[in-house]
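Below is one structure, written out as structure tokens; comments come after it.
Letters A, B, ... are given to chains in the order of the sequence lines, protein chains preceding strands, and every chain is numbered from 1.
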Amino acid sequence: MTRRLPRFLTPVMTLGLALLALVLVPGLLGQFVADPEQMRLMAGGINAPPGHDHPLGTQNEGRDLLTYILKGMPNTLLIGLVGGGSAVLLGTVLGMLAGYVGGLLDGVVRNTVDIGLTIPPLAILIMIAASFSIVTPLMMGLVIALTSWMHPTRVIRSQVLSLREREFVLLLRLSGASPLHIVFRELMPNLIPFLAATFVNAVATAILASIGLEVLGLGSFQTPTLGNLIYFAIIGNAMWLGLWWWWLPPIVIFIVLFMGLFFVSTALDTLANPRLEQG
Amino acid sequence: MSVDLLTLSDVHKSFSRGYRNRVDALQGVSLSVAAERPQIITIAGESGSGKSTLGMLALGFLSPDAGELRFRGQEIAGLRGQALRDFRQSVQAIFQNPFATFNPVYPVDHVLRLTLRNFSTGAEQASRETRISDALRAMHLDPALVLGKYPHQLSGGQLQRVLLARAFLLRPQLIIADEPVSMIDASLRAVVLANMLELKERHGISWLYITHDLSTARQISDTLLILYRGRIVEAGPMERVLDAPQHPYTQLLIQAIPRPDPTQRWQAPLDWQGDESAETVTAAASGCAFYARCPFRMDRCLEAVPPLLATPADTQAACFLHEPGAARPG
Amino acid sequence: MATMSGQARESVVVLAVEGLSIHYEMRAATVRAVDGVDFELRDNEVLGLAGESGSGKSTLALGILRLLRAPGRVVAGSVRFGATDLLALDESALRELRWRQFAYIPQGSMSALNPVMRLQAQFRDTLTAHGERMPRAAMHARFVDVLQGVGLDADLLPRYPHELSGGMRQRVCIAMAMLLGPRLIIADEPTSALDVISQRVVLETLAAARKAIDASMLLIGHDMALLAQVTDRLGIMYAGRLVEMGETGTLFRDARHPYSRRLIASVPDVRARREFQSEAMDSEPQWPLDEPLQEVAAGHFVRPWGGGYDS
Amino acid sequence: MTPRYLGMRLATFVLTILVASTLNFAISRLTPQDPIAALLGRMASRGRTVENGAEILALYRERLGLDDPLPQQYLNYMGNLLRGDLGYSLAFFPIKAEAVILRALPWTIGLLSVATLLAFTVGNLLGALAVWPRVPAGFRWLVYLSMPFSAVPYYLLALILVYLFALNWSVFPLGGAFTPGSVRGFDLATLGDLLHHATLPVLSVVLAVIGFWALSMRGIMATVLGDDYLIYAQARGLRSRRIFSHYAMRNAMLPQVTALAIDFGRLISGQVLVEIIFNYPGVGWVLYNALRAADFFVIQGVTLFMVFAVALATLILDLIYPLLDPRIRY
């Protein structure tokens with residue numbers, strides 16, 4: 001008497017979760033063991049290669065890179081969660097209402113989304129970041145959400161549209177169910193794997209956008225983030241000076257993180273749409 | 001004079017598809033369901049005849065472009081509050097695809113409980129479980145085999161009967177059934193049809209049975225309406241319409257239906273006038289929609305849409321052949 | 001469409017299926033879609049296979065044609081076409097036989113034709129795949145010929161599939177099957193998506209076209225009334241097995257297996273009202289399926305189910 | 001294609017540009033202080049002084065007419081845009097911003113079109129072959145290996161490529177579009193030099209994007225493989241290669257073309273960042289320098305260029321699409 005659910009922990013999902021854990025565990029807990037003193041100017045030698053005192057070496061101002069990474073990762077992750085989370089939240093509410101209620105609301109939402117999708121978010125983000133100064137990861141996340149809610153809205157709306165045509169929604173209306181009940185109690189549970197996949201993708205998009213801004217030098221430099229680290233490495237000519245310990249670790253972390261998110265979202269997609277399983 | 005339960009008068013409905021297409025689903029359909037005497041009214045038509053649109057209009061899920069739909073004399077579009085609840089309680093439905101009529105994330109009884117919760121008074125709530133079990137038993141379903149099951153664990157026939165039980169919980173006066181057996185295997189189809197008949201005979205529930213299948217209509221209906229391209233072309237008591245069809249379209253339709261008997265095989269190919277050239281279709285736009293396929297077509301049929309006329313078989317047919325003085329087909 | 005059984009008994013076997021089993025092997029479970037099916041199709045005969053959804057009839061057709069998609073797989077049995085074992089052929093030899101020797105009429109005419117290709121190009125592809133080299137005009141004449149054979153106009157050739165009605169598309173598929181004059185036609189529910197009138201027209205077209213080239217036909221369907229109209233012999237499938245097989249007339253008059261009886265009894269007739277039971281059938285009966293088919297009369301085979309034959 | 005559809009599509013194009021440029025205007029006016037002052041302040045806080053800061057500020061105020069009422073400012077701004085006048089580059093005064101961008105444009109367009117075409121073609125082919133029956137398993141693994149790259153942003157990939165192929169092994173130059181000081185002409189040597197410099201930037205886009213296309217193509221192809229027209233083509237004895245190209249790929253490409261339009265924004269944004277890493281003299285590099293020098297009008301111009309390029313690409317793909325899919329008739 002169980003629901004027919006495909007197995008949750010598929011190999012792809014396991015791989016994705018394992019890769020995420022590899023980043024998330026040190027990323028979330030490392031900040032508590034890191035010594036803030038090591039972030040100070042001249043905490044170690046200048047451009048010191050990895051060694052006993054500085055496992056990931058130091059940069060051109062003598063700051064310890066491991067400490068910077070441990071302090072920066074929570075900020076990067078926060079940007080992703082806030083950016084992706086708010087975009088999906090906004091997209092879910094707008095997409096569900098537009099899809100279910102239809103009419104004028106749907107027309108406005110659909111057209112706004114269609115136009116918004118053809119405007120590259122980075123173009124708007126650059127203008128925003130060049131005009132205002134973004135100081136906290138929270139702000140960065142919210143600003144990114146402003147430019148990335150269109151995609152979640154669009155995909156959730158189309159899912160609701162296809163569900164709405166199903167006969168079970170007609171039957172619920174005949175059973176006296178209110179629109180709110182139908183949208184949130186009946187349609188929503190059907191969309192959970194789908195929403196989860198959308199959320200994971202939105203987190204990846206938000207982190208991607210934040211690195212884009214930070215690499216352009218438009219990040220908030222008061223707070224350490226991995227994107228800022230790469231920007232400083234580029235500015236500090238780390239590449240040409242052969243200081244691989246400066247730029248390589250954040251990139252490796254990003255690669256592991258993005259692959260983890262990618263595998264998890266692929267696995268969630270399969271869960272939401274079992275037809276993809278073959279092939 | 002008593003007020004009819006449901007009346008449609010001269011209902012029109014069209015849909016626009018894309019930039020250019022406009023599909024006229026219904027073009028002036030009238031019918032009424034009497035309140036006092038239970039009956040099964042079959043609306044039969046091919047795909048594209050507008051029969052499903054008619055069902056959606058009658059349930060209040062669509063509103064007509066022109067014409068009126070009334071429930072006990074009140075316009076359906078204007079129903080609010082208690083009047084709307086009364087309408088929902090009195091006019092229920094079952095649908096074509098029983099597998100899509102349940103929310104896959106809940107057990108099948110979820111929607112039965114929901115129906116009771118939304119429609120019954122506090123005093124009735126206590127007996128909810130008993131009422132659900134009774135309704136299932138009335139559909140010859142064992143509650144123990146159904147309750148708590150998810151949709152994919154039951155057969156199409158069982159699911160359709162659970163849906164019948166759900167409608168029956170409300171003791172409606174009319175159930176609108178759009179192709180309720182077309183997706184159910186033949187060997188289980190009879191059970192659903194028998195249930196429908198039983199609900200009429202034992203519990204006084206009327207049916208609007210919407211189907212493309214005249215063979216099943218034969219088994220249960222009292223009245224038969226034939227729909228062709230959005231218009232009723234023939235109407236009357238079921239047996240008379242099927243045994244002595246008066247409209248050329250109905251005649252063709254019945255000839256085309258295979259009989260399940262190898263000794264009753266088709267003798268000659270169907271007399272088929274498939275003149276669907278663009279000129280013919282355009283010419284017939286203001287006249288009879290069946291002109292392009294009709295073996296008896298006359299110039300007159302291009303000029304006006306034939307109204308429903310009385311026939312010798314005591315039915316009505318929308319064909320000029322039944323105008324007083326016209327030469328009738330053999 | 002007279003019954004051919006008298007002559008057919010003595011004539012050549014075109015297709016012989018023996019012990020064919022097809023399984024869908026999935027991670028969670030193995031579905032035995034077709035399970036040890038045997039039958040023979042004779043020269044110039046129309047054999048019907050009837051069954052409800054899930055009976056394995058369409059899988060059987062795809063298995064014979066070697067068109068199964070993963071995870072479906074033939075796990076046992078043989079399919080002999082004349083003297084050739086179809087299951088043992090390599091891809092290129094199989095490709096040579098296809099269409100020239102046996103053609104297929106699919107269920108969904110809606111989706112069987114390539115939606116982005118004009119009809120004439122799809123006809124042309126079929127000819128050129130079989131090395132038919134001829135001038136364009138001759139090729140065109142051939143297409144016009146087969147189209148007229150199914151009552152369609154040549155002006156359809158430059159059209160795309162979506163510009164045709166369902167009945168027209170299905171007749172295009174029949175014309176396509178006639179292109180190389182095959183010995184065998186396998187038709188899988190060729191009219192199931194059509195309206196009643198188109199259904200009769202298409203079925204009559206198919207029967208006439210088959211007769212014109214003296215091909216044998218395996219006709220798969222769920223509609224007993226349609227099968228009653230056009231088949232010489234009929235097999236009843238249930239849960240991947242044949243439970244009964246015999247001449248169509250015999251089967252409708254004197255079906256033995258309870259499933260066949262129920263299937264035949266449940267078909268409504270537009271001319272007559274039947275009495276039917278609303279009780280029971282809560283849990284569907286399961287019949288034993290492991291004993292081999294027995295011949296209860298000449299050419300009439302029934303799978304024993306544990307009851308008497310004369311119930 | 002009806003004139004009406006064409007008109008509506010063009011209107012959407014114009015509307016997109018209008019919305020984006022209005023946003024651009026609005027954002028720069030919403031700041032509590034001048035955007036220029038903010039930028040200059042930020043530069044200063046990072047220890048970089050911008051020469052002639054005061055002069056720039058004055059120029060900016062005059063140029064934008066900051067003392068005019070807001071609607072007037074907006075009209076001026078839109079009027080200037082319409083004439084293609086983006087204002088003066090503050091860093092290369094008195095060169096105009098549009099001249100700075102125009103000079104960089106060919107490099108970006110060249111790089112972007114080569115990379116997109118290459119990635120789109122190879123990626124779709126790989127993805128399709130990954131599920132095509134009778135393709136060697138080794139090949140299939142190649143495709144699976146390419147997929148994780150799609151999760152990695154190109155500019156990060158670019159950094160690794162530079163490190164490996166330019167710094168460590170010196171196979172390719174570190175950056176730029178040509179060897180400094182070389183004489184450029186229409187000859188093979190120049191072409192070789194250009195290709196040599198373009199290889200790594202193109203590769204970093206292609207490697208990342210191939211995986212994306214391969215992955216989505218693999219999903220589409222998996223469903224196409226079970227489609228009736230494929231089974232029917234196989235039943236007719238068509239050669240595998242013909243089925244692959246004219247039946248499977250031809251249909252599976254349709255959603256990919258739509259996806260290309262949607263994905264173009266991502267492509268162009270990634271491209272901008274890749275140029276920075278390779279010191280490639282395209283608009284991305286211009287933008288980077290403009291950001292460092294607080295060259296406001298150039299920044300604004302580059303973002304408008306990005307919007308325009310994406311809107312134009314979408315428009316073109318939308319107009320081409322009905323030619324690819326005969327079922328679409330607008």
Side-chain angles (χ1 to χ4, degrees), chain A residues 1-8 92 96 99-104 106-107 110-111 114 156 159-197 268 270-277, chain B residues 52 55-56 58-62 82 84-108 110-120 144-153 159-160 162-163 166-167 169-170 172 175-176 178-180 183:
Chain A
M1 211 148 290
T2 51
R3 269 189 56 194
R4 183 171 45 178
L5 263 184
R7 212 147 44 98
F8 180 77
T92 306
M96 288 213 158
Y100 188 78
V101 178
L104 186 66
D106 187 39
R110 196 185 60 226
N111 285 310
D114 278 354
I156 290 164
Q159 286 285 320
V160 171
L161 275 183
S162 76
L163 277 176
R164 193 181 75 156
E165 295 304 312
R166 299 265 294 270
E167 281 146 336
F168 82 79
V169 174
L170 293 180
L171 190 79
L172 286 163
R173 288 171 67 186
L174 285 181
S175 308
S178 68
L180 280 182
H181 173 98
I182 293 176
V183 170
F184 291 103
R185 294 292 305 283
E186 307 277 346
L187 297 186
M188 192 80 130
N190 279 288
L191 289 177
I192 284 191
F194 181 80
L195 287 176
L268 284 169
T270 319
L271 212 61
N273 188 3
R275 217 151 63 97
L276 289 176
E277 204 176 353
Chain B
S52 293
M56 294 306 242
L59 286 168
F61 287 154
L62 289 176
Q82 187 57 41
L84 181 62
R85 278 170 56 88
D86 283 348
F87 172 61
R88 286 270 174 262
Q89 191 265 313
S90 306
V91 180
Q92 276 292 323
I94 58 173
F95 301 100
Q96 178 173 17
N97 183 353
F99 297 98
T101 313
F102 288 93
N103 191 344
V105 304
Y106 292 118
V108 292
H110 166 77
V111 73
L112 272 67
R113 286 172 220 288
L114 189 80
T115 304
L116 274 188
R117 198 165 59 231
N118 286 333
F119 280 99
S120 52
L145 282 179
V146 170
L147 294 175
K149 287 273 172 43
Y150 285 90
H152 68 272
Q153 295 171 308
L159 290 175
Q160 202 62 293
V162 173
L163 290 168
R166 189 206 68 90
L169 277 176
L170 296 175
I175 300 180
I176 295 169
D178 187 357
E179 298 278 16
M183 290 188 72

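Contact detail for A/F168 and B/P104: the closest heavy-atom pair is CE2-CD, 4.2 Å. Taking both residues in full, the closest heavy atoms of B/A93 and A/L174 are given as CB-CD1, 3.4 Å, listed atom of the first, atom of the second, then distance. Heavy atoms only, all atoms of each residue included: A/G176 and B/F119 are closest at N-CE1, 3.8 Å.
For B/L169, no part sits under 4.5 Å from any heavy atom of chain A, backbone or side chain. For chain B, the nearby parts of A/L170 are the backbone and the side chain; heavy atoms of each come within less than 4.5 Å. Contact annotation for B/Q96: both backbone and side-chain heavy atoms come within less than 4.5 Å of a heavy atom of chain A. For a residue to count as touching a neighbouring chain, one of its non-hydrogen atoms must lie under 4.5 Å from one of that chain's; by this rule B/R85 does not touch chain A.
Looking only at side-chain heavy atoms (C-beta outward), B/L59 and A/R173 stay at 4.5 Å or farther from each other. A heavy-atom distance below 4.5 Å is not found between the side chains of B/L114 and A/R185.
Note: B/N103 leads B/V91, B/N103, B/T115, B/L84 in heavy-atom pairs under 4.5 Å with chain A.
Taking CD of A/E167 as the reference point, atom CG of B/L163 lies at 9.5 Å (rounded to 0.5 Å).
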